[in-house]
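Reading through the structure tokens given below for one structure.
Naming: A, B, ... by sequence-line order, numbering from 1 per chain. Treat the numbers as computed from the prediction; the structure is a model and nothing was measured.
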Amino acid sequence: MTTAPPAWPSVEELAARIPDGAMVALPPDNSLPSVALAKALIRRGARGLRLLGVPVSGFATDLLIGAGCVAELQTSAISLGEAGFAPRFTAALKEGRIRVQDATCPAIHTMLQAAEKGVPFMPLRGLIGSDILANRPDWRVIDNPFAESGDPIVLLPALSPDFCLFHAVMADREGNVWLGRRRECATLAHASREALVTVERFFDGNLLEDERTAPGTISATYIGGVALAGRGAQPVALLDEYGFDAGYVAAYARAAKTQEGFDNWLAVELGGSEKAA
Amino acid sequence: MTTAPPAWPSVEELAARIPDGAMVALPPDNSLPSVALAKALIRRGARGLRLLGVPVSGFATDLLIGAGCVAELQTSAISLGEAGFAPRFTAALKEGRIRVQDATCPAIHTMLQAAEKGVPFMPLRGLIGSDILANRPDWRVIDNPFAESGDPIVLLPALSPDFCLFHAVMADREGNVWLGRRRECATLAHASREALVTVERFFDGNLLEDERTAPGTISATYIGGVALAGRGAQPVALLDEYGFDAGYVAAYARAAKTQEGFDNWLAVELGGSEKAA
Amino acid sequence: MIQPEERLAAALAALILDPAAPPARHIAVGAASPIPAAACWLVKKQGHPVRLSLLHKRHGNPFTEGSRELFDLTGQGRIDLFFLGGGQIDGQANINLIGTGDWPGQGTRFPGSFGSAFMYFMTPRTILFREEHSPRVLVPQVDNISAPGVSAPGVFRRGTAQALVTGKSLFRFDPATARFTLASAHPGEDAASIRAATGFDYDEPAQVAVTPDPTPEQLALLRGPVCDEMLETYPEFCARVFARKAAA
Amino acid sequence: MIQPEERLAAALAALILDPAAPPARHIAVGAASPIPAAACWLVKKQGHPVRLSLLHKRHGNPFTEGSRELFDLTGQGRIDLFFLGGGQIDGQANINLIGTGDWPGQGTRFPGSFGSAFMYFMTPRTILFREEHSPRVLVPQVDNISAPGVSAPGVFRRGTAQALVTGKSLFRFDPATARFTLASAHPGEDAASIRAATGFDYDEPAQVAVTPDPTPEQLALLRGPVCDEMLETYPEFCARVFARKAAA
């Protein structure tokens, strides 16, 4: 039984809440990024965004970089998967148009967990001897106070993105959102000041009331806004709803080898919508 | 469609894997402790257990203390809820028969999260000025290395219980267990060396395959053993399956005011089974 | 007839809505706290936008990570107000949930500190609530500190007690002086009876106000929609105070 | 005809089962690693009890906390073996996934370090795998270190590289000397051709063994049940190597 959704904002209205210069976190291509919101940011001509890959970056990030929306990227890796390196990222890095801060996957999770917990830092093993650490003056090495003898360990500062954007299966009237096993988005929502979410459909009930939907639900407490966006993760997969569109991404990768090719691809992609200046 | 479960051990066999002196973690009365396993430990005459309340303790802990199975208790609180203080705990503390280590709820969660993450410690706000901290020589205060001026903060060491015991709704052939929204048991299972689980019923399929069951499932990776125990949480509630039996707990609280009353209650409760010496 | 619990709920609701205090957009209510829960529901049913997280609600419990999620939420600064009690509460707003006598409660053992040693620091405001108002509970100095009323400069702390509400009166707390001031006495009490029943020293105005009665509108809400919300979690309380029983 | 990928999978399987190495009860396989994945499935289909966590499996993905759960699992010591590659790999087993030239890859930028700076320390053993065997990839010293091959005394580390497998040969790694030793050359290669294709210095036995062919039983498993398991995640690989296509 489907009824009309409540008076949710449009995807464009949601994107308009994200000011230029904001730190925006995106999950990777296997964990429900909202490509719909990324495209809306491009349509509104966002500038100076500081993107965070949680913990790595993919299609939506390359798109935003190509469209000139991004000033900084913190991530543990960026690629288009089988379609290879992220072409607009690589070009922007070469041309000095974006600042890149390299991390390693568990470090990004850990910084978000520190923010989730409200502590100023968390430790993480590994990292010592890596040039990642050598290039992160914001990370510290201390001697483990619980060890008998010297035991250096890295402390990572808490990181609270201004916004995180993801795409879920459904949301209810309260603003609870359901995304099944992809519960890592919950930590991201907890750590972010505001989570903006697109969903496939409206759920007419309370997702937290039913024991069967509750465990895959993120409470509205953490959700700043929900918009309806059918196939809003596409070309990325959404659980068992739809698969990864490898052909679409491969076509993008070919087109985006040059800025001109990217611009043409984007003009077609954004269709009738006015393109960002 | 229900079929016979695979060749699982009995509750008694599961309890037999827990040696005397082991550190055993139990969730509180609102979060699926396995009362069935606690009773099996009493039947086998377990001794010297070191219990951990995650983060508080309830009915099963008072039962184990009354039966003489417990040497130590680390917890943030212990009570029988509406039925009042935990009588066998209080008597054992008075008579010096158990060692009690007081904590505060988020500290217990944090110590388990440190173990889950494989780090030797994690920080936590609060606590400074509390006598809990003053009585925990194993907790440290350091100056936050990320602060500009002095900012004392507590570091808590990682804590890995030998076993954790909880009661879930169902388990599949692989050993995956489903407990719905009570996902805090996942952190407990991750942090513990072995999770021993009782369930209401067998699930004939793979709980991690289906997007609807996956988010409330704990992977078999963390599960040391599963046994069937119908109403194995009773008198505690199990999600929407059955409620808290307040009358049963109130009757226990009345009986357990004295050791004699407890012993009589237990003799009836354990029925035909041989009572622990 | 106004029940004492109804008056206390109304008094707590007024403190929640205190315009001088930091806003209470999200309130968490712990175990075995029917009167604070009634106060929160009263505020909500009066039409104020507030999110309530009731930890012991069985159906529709908002947390999928158990109590850890509450503490993390609070760590994030998303919980604005919490209620705490104490087996002992002293004049500096220290609370003792451990027990009397030597550590860990060799006299009378209380249940334990729960999350108090964290929540008291991390919420912008705490309302202390204890129905029993006696020199046994309100002591000059607690035997054991579960959570301190104030902290040394430099110790991270978002807030302190806003007030202490008992079965006899309402005290305001001033963290700068670490002292309570009697704000109002419930009907039947006066300055002298409060002083006699209180083990700690506190400040007192020349004229002690009377804690107001709930309004008829508040009483109607408490006995109707507030009770409806509380029946599942607090059946005994609802039967006793509102003379209402849950459907079988 | 034995495909090169089949030989590599069999060589990796032999390393996984190496009785001298710590046991591999639970192996995790990262993104875009069809040959390591085939090796793991081969071990499993040969009847060895091993748990496989394949991070990019869409259906029945074992993780409900995403990749954080993999890193936590590894932190707990529950992952025994992991595979790592590198845009550059040097003679001390340092790996570079960042890029060539100045930080952060001003020459050729690689995708980034993923979890390597953690996994390389926290798994009891790592198998380095890179099909391209050239002086461009196997360098005397990596330009940027994503994860170091060995660590100073006192730095917490559970293990190091066990071996490096390429399209031309198999090297063993000795963490005590931080050097590779050529263990076998694949058919068509010899000591001289490996030396010429390798940018870093390494040790070499008097007689270089030839990497063995997969047995007929292994080939049957690879082309049958192993391919069945991999079709969904690696359709292109299965089509190319095993000439099998997923059902439409």
Proximity breakdown for [X] and chain B, heavy-atom pairs closer than 4.5 Å:
{"X": "A/L179", "value": "neither"}
{"X": "A/R125", "value": "both"}
{"X": "A/T213", "value": "neither"}

**Report entry** Atom pair CE/NZ of B/M122 and A/K117 - distance to nearest 0.5 Å
**Finding:** 7.0 Å

Query raised in the report: CG of B/L208 to CZ of A/R181: how many Å apart, nearest 0.5 Å?
Result: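 It is 6.0 Å, given to the nearest 0.5 Å.
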
Query raised in the report: For B/R140, is it the side chain, the backbone, both or neither that has a heavy atom under 4.5 Å from a heavy atom of chain A?
Result: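 Backbone plus side chain of B/R140, per the 4.5 Å heavy-atom cut-off to chain A.
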
Query raised in the report: With only heavy atoms counted, which part of B/L155 is less than 4.5 Å from chain A, the side chain, the backbone, both or neither?
Result: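 The answer is both parts of B/L155.
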
Which atom names give the shortest non-hydrogen contact between [X] and [Y], and what distance separates them?
{"X": "A/V119", "Y": "B/L124", "value": "CG1-CA, 3.9 Å"}
{"X": "B/F146", "Y": "A/L156", "value": "CZ-C, 4.1 Å"}
{"X": "B/P215", "Y": "A/G180", "value": "CB-O, 3.4 Å"}

Report summary line: Pair count under 4.5 Å, heavy atoms only, with chain A: among B/A214, B/P145, B/P106, highest is B/P145

Query raised in the report: Among B/A147, B/G118, B/P120, B/A114, which has the most heavy-atom pairs under 4.5 Å with chain A?
Result: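 Heavy-atom pairs under 4.5 Å are most numerous for B/P120.
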
Query raised in the report: Are any non-hydrogen side-chain atoms of B/E211 and A/V169 less than 4.5 angstrom apart?
Result: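 Heavy-atom side-chain distance check fails, nothing below 4.5 Å.
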
Query - Minimum side-chain heavy-atom gap A/R212-B/D240 below 4.5 Å - result: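 Of all side-chain heavy-atom pairs linking B/D240 with A/R212, at least one is under 4.5 Å.
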
Query raised in the report: Between A/Q113, A/H109, A/R182, which shows the greatest number of heavy-atom pairs under 4.5 Å with chain B?
Result: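 Looking at each of A/Q113, A/H109, A/R182 in turn, A/Q113 comes out on top.
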
